[in-house]
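Have a look at the structure below before the remarks.
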Amino acid sequence: MFAVDGDRLRYARFHPDRRGLELREYWSEDLEPGLFPEGQLAGPARDAHRLDEALKALLERSSLTVHEASLVLPDRWLRLASTEAADVPRKGRDRAEVIRFKLKRLVPFRVEDLRVADLEAAGTDDSGARLLLGFASEALLTQLEDVFAGNGVRIGQLSNEGLSLLVALQGALAGQETGVLLHATNESYSVIVARRGAPILHRFKSLTQTEPNWDLVVRDLKLTRRFVVSQSQVVPLAEVTFVGSPEVEAGWSRAVERAFEVPVRSVASEWEEIPGTVEGVSPVQAAPLLGAAARTIR
C-alpha cells in the first residue's frame with residue numbers, strides 16, 4: 001500500500017493474521033516543498049523525476065518486490081460528491097454521460113479535466129438510493145500511475161483518506177445506525193457520515209490558517225449535524241470518531257462536542273499501535289493505509 005500527499009510518499013505492507021491485518025513494513029520518503037501545486041484540487045507534480053526518485057527509494061527498502069498496490073490520496077486531491085441515483089442508467093455510455101452531467105452541477109471544476117468514478121452509497125429514508133461521485137485531476141492520476149508503472153508497479157485501486165479511514169475504523173463504528181468520522185489535518189478537515197457502515201456523505205473543507213476559526217468550524221459542523229439528525233430519527237447519534245494528531249486533538253474535540261453535542265472518541269488517544277512487527281508508527285499515520293489494505297484483501 002502506498003500513500004502520497006504534498007509532504008511525503010509512504011509505503012506499508014500488511015499481512016493477514018487471525019487477529020486481522022498486521023503491519024510488517026512501513027517506510028516514508030519526504031518530498032520537496034511545493035512539488036505538487038496548491039489549490040482547490042491538486043494537479044500533477046511539477047517535477048515527476050523527484051517523485052520517481054522517492055518511489056525508487058521506497059521500493060529499494062521493501063523486503064518484497066512490489067508488482068501491484070493501492071494508492072491513497074488526500075481528500076483534497078480525490079473529492080467526493082453525493083447525488084441521487086434514481087435517474088442514472090445502470091451501465092453503458094449513457095451512465096457515464098449522466099454522471100458527468102450531474103457532477104457539472106455539483107462542483108466548481110472543469111469536469112472535462114477530471115477522472116470520475118462512482119460508488120453506490122447507502123440509501124436514505126427520504127431520497128432512496130444515492131451515488132457518491134469520486135473525482136480527481138486526470139492529469140494528476142495519469143502522472144502518478146505512469147510513475148508507478150515505470151517502476152513496475154500497477155496501481156489497482158485509488159482511494160482517498162476518508163473512505164480508507166471508514167474501512168479501517170469499521171470496528172469502532174460497528175453497531176451504530178449512523179456513524180460520523182472527522183479527519184483533520186493542518187490544511188483541511190473532512191466529515192464522513194456512514195449508515196450501517198456504508199458512506200452517505202463526505203464533506204471536505206480547506207483551512208486557510210494554522211489555527212482554525214473554531215466558531216466557523218462549529219457553524220459548519222452543525223450543518224452536517226442537521227443532516228445526521230435527519231438520518232437518525234429512530235436511533236440518535238452516540239458519538240463522533242476523530243482522526244488527527246494528538247497536538248490538535250483538544251481543539252477539535254471541543255469543536256465537535258459543541259457542534260454535535262455527543263462525546264468524541266479519538267483514534268490517537270484510544271488506539272494502540274497497529275498490530276505487527278513495526279514499532280513507532282502511530283495509528284493516525286497507519287490507519288488510511290490499513291483501510292486501503294482491508295479493501296483490497298477482503
Side-chain angles (χ1 to χ4, degrees), residues 5-7 38-41 72-82 108 121 124 132 160-195 197 199-233 235-272 282-288 291:
D5 56 32
D7 297 320
E38 297 181 358
Q40 286 191 311
L41 198 65
V72 179
L73 305 176
D75 288 357
R76 182 172 72 86
W77 295 12
L78 202 169
R79 303 282 191 91
L80 290 166
S82 176
T124 60
L132 285 179
N160 69 6
E161 290 181 328
L163 290 181
S164 298
L165 286 168
L166 186 61
V167 177
L169 299 174
Q170 57 185 341
L173 300 173
Q176 298 185 34
E177 176 74 10
T178 303
V180 177
L181 174 67
L182 190 144
H183 176 224
T185 70
N186 292 332
E187 295 82 25
S188 65
Y189 65 95
S190 300
V191 183
I192 304 96
V193 181
R195 188 172 189 185
I200 57 176
L201 179 71
H202 183 288
R203 299 191 70 227
F204 171 87
K205 288 288 184 178
S206 295
L207 295 173
T208 57
Q209 53 194 31
T210 304
E211 179 69 16
N213 183 322
W214 295 115
D215 289 336
L216 292 180
V217 169
V218 170
R219 188 184 310 167
D220 176 67
L221 292 178
K222 284 183 176 180
L223 295 176
T224 303
R225 179 175 178 267
R226 294 194 191 108
F227 175 84
V228 173
V229 169
S230 72
Q231 302 305 311
S232 310
Q233 296 177 355
V235 182
L237 181 67
E239 61 190 19
V240 173
T241 301
F242 172 72
V243 184
S245 67
E247 293 78 14
V248 300
E249 178 182 319
W252 279 103
S253 293
R254 287 192 295 268
V256 173
E257 288 174 352
R258 285 175 57 193
F260 285 90
E261 300 178 358
V262 295
V264 179
R265 294 186 63 187
S266 170
V267 168
S269 296
E270 298 188 24
W271 269 33
E272 298 178 356
S282 75
V284 173
Q285 292 175 306

Handout entry: Side-chain heavy-atom pair Val191, Leu201 within 4.5 angstrom cut-off
Key = no
Practice task
Quick one: list whatever passes side-chain contact (heavy atoms from CB on, under 4.5 Å) with Ser253, sequence neighbours left out.
Solution key: Glu249, Val264
Completion exercise
Correct closest heavy-atom pair for Ala268 and Gly244 would be CB-O, 3.6 Å
Handout entry: Heavy-atom closest contact (Leu166 atom, Ala194 atom, distance)
Key = CD1-CB, 3.8 Å
Exercise for the section: Provide the closest heavy-atom pair for Ala287 versus Ala168 in the form atom of the first, atom of the second, distance. Expected result: O-CB, 3.3 Å
Completion exercise
For Val217 and Pro212, the nearest pair of non-hydrogen atoms, with its separation, is CG2-CB, 4.0 Å
Problem - Stepwise side-chain contact (heavy atoms from CB on, under 4.5 Å) check, Thr241 with Val267 - result: CA-CA 7 Å; Thr241 301; Val267 168; 4.0 Å; yes
Practice task
With side-chain contact (heavy atoms from CB on, under 4.5 Å) as the test, would you mind laying out the steps for Val248 and Phe242 before giving the verdict?
Solution key: CA-CA 11 Å; Val248 300; Phe242 172 72; 4.2 Å; yes
Exercise for the section: List in chain and number order the residues that pass side chain to side chain donor-acceptor pair (under 3.5 Å) with His202, two or more places apart in sequence or in another chain; answer none if no residue qualifies. Expected result: Asp75
Practice task
Write out all pairs satisfying salt bridge (charged side-chain N to carboxylate O under 4.0 Å, His left out) with one or both partners inside residues 255-267, taking only residues at least two apart or from two chains.
Solution key: Asp215-Arg258, Arg225-Glu261, Glu239-Arg265, Arg265-Glu270
Fill in the blank from the handout: One should read off an interatomic distance between Arg76 CZ and Leu41 CG, to the nearest 0.5 angstrom, of 7.5 Å
Practice task
Return the set of residues passing side-chain contact (heavy atoms from CB on, under 4.5 Å) with Thr185 (not counting sequence neighbours), or none when no residue passes.
Solution key: His183, Glu187, Ser188
Practice task
Report yes if the side chains of Leu169 and Val243 come closer than 4.5 Å at any heavy-atom pair, otherwise no.
Solution key: yes
Fill in the blank from the handout: Smallest heavy-atom separation, Asn160 atom then Leu163 atom, equals OD1-N, 2.9 Å
Problem - Rounded distance (nearest 0.5 Å) linking atom CD1 of Ile192 with atom CG of Leu181 - result: 4.5 Å
Handout entry: Heavy-atom check, side chain of Thr224 versus side chain of Phe260, under 4.5 Å
Key = yes
Exercise for the section: Identify, with sequence neighbours excluded, every residue that meets side chain to side chain donor-acceptor pair (under 3.5 Å) alongside Glu38. Expected result: none
Completion exercise
The side chain to side chain donor-acceptor pair (under 3.5 Å) partners of Asp220 (sequence neighbours excluded) come to Tyr189, Arg203
Handout entry: Inter-residue atom distance Asn186.CG - Glu211.CD, 0.5 Å rounding
Key = 10.5 Å
Practice task
Apply side-chain contact (heavy atoms from CB on, under 4.5 Å) to Leu221 and Leu182, showing your working.
Solution key: CA-CA 10 Å; Leu221 292 178; Leu182 190 144; 3.7 Å; yes
Practice task
Mind listing the closest non-hydrogen atom pair of Pro74 and Asp5 along with its distance?
Solution key: CG-CB, 3.5 Å
Practice task
Over 60° means perpendicular and under 30° means parallel, so classify the ring planes of Trp252 and Trp214, tilted if in between.
Solution key: perpendicular
Practice task
Report yes if some heavy atom in the side chain of Val193 is under 4.5 Å from a heavy atom in the side chain of Thr178; otherwise report no.
Solution key: yes
